[in-house]
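Starting from 1, each residue takes its place in the sequence as its number. Just so you know, these numbers come straight off a predicted model, no measurement behind them.
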Amino acid sequence: LHLFSTLVSLSSMLSRYIHEAMKRARYKTLENGTYFGQIPGLAGVWANESALDDCREVLQEVLEEWLVLRIRDHDPIPRVGRVSLPSRAA
């Protein structure tokens, strides 16, 4: 039961973090007509797609994968707004 509640809590924290980070995403149209998206303060979290909706979707996937790697490697995870995650969450 303790493990379950820990996993539910971690899932909730991750969802809040992802939501807050995606609210801060910035997009621009490049000269070739594609869309570039990034999240300021999260190095390496970016996407480049032909459609804006695809860019948003891929950017969130990149963010999720980035978080998994940061947690796995016990790397620091920058605070986003009022939301922070411990690097030793898992």
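- Atom CD1 of residue I71 and atom CD1 of residue I77 lie 4.5 Å apart, to the nearest 0.5 angstrom.
- Here the shortest heavy-atom pairing between L42 and W66 reads CD2-CH2, 3.7 Å.
- Scanning for ring-ring contact (aromatic ring centres under 6.0 Å, His included) contacts around W46 gives F36, with sequence neighbours left out.
- You'll find the side chain of P76 reaches within 4.5 Å of the side chain of R70, heavy atoms only.
- Closest heavy-atom contact between V45 and V62: CA-CG1, 3.9 Å.
- Between P78 and G41, the shortest heavy-atom distance links the atoms CG-O, 3.8 Å.
- Rounded to the nearest 0.5 angstrom, L69 CG and D75 CG are separated by 9.0 Å.
- Hydrophobic clustering (ILVMFWY, side-chain heavy atoms < 4.5 Å, transitive): V68 and M22 are in distinct clusters.
- Residue S84 comes nearest to R79 through the heavy atom pair OG-NH1, 3.8 Å, listed as atom of the first residue, atom of the second, then distance.
- Between L59 and R56 the shortest side-chain heavy-atom distance does not fall below 4.5 Å.
- A donor-acceptor contact shorter than 3.5 Å links the side chain of N32 to the backbone of T34.
- At distances below 3.5 Å, not a single donor-acceptor pair connects side-chain atoms of N48 with backbone N or O atoms of G37.
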side-chain contact (heavy atoms from CB on, under 4.5 Å) between E64 and L67, worked out | CA-CA 5 Å; E64 291 167 358; L67 281 169; 5.7 Å; no
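- Ionic pairing of E20 and R24 is present here: one or more N-O contacts between side-chain nitrogen and carboxylate oxygen are shorter than 4.0 angstrom.
- The OG atom of S15 sits 10.5 Å away from atom NE2 of H19, with the distance rounded to the nearest 0.5 Å.
- Side-chain contact between I39 and V80 is absent, with no heavy atoms from C-beta onward closer than 4.5 Å.
- Taking CG of L63 as the reference point, atom OH of Y17 lies at 7.0 Å (rounded to 0.5 Å).
- Scored by the ring-ring contact (aromatic ring centres under 6.0 Å, His included) test, Y27 finds no partners at all (sequence neighbours excluded).
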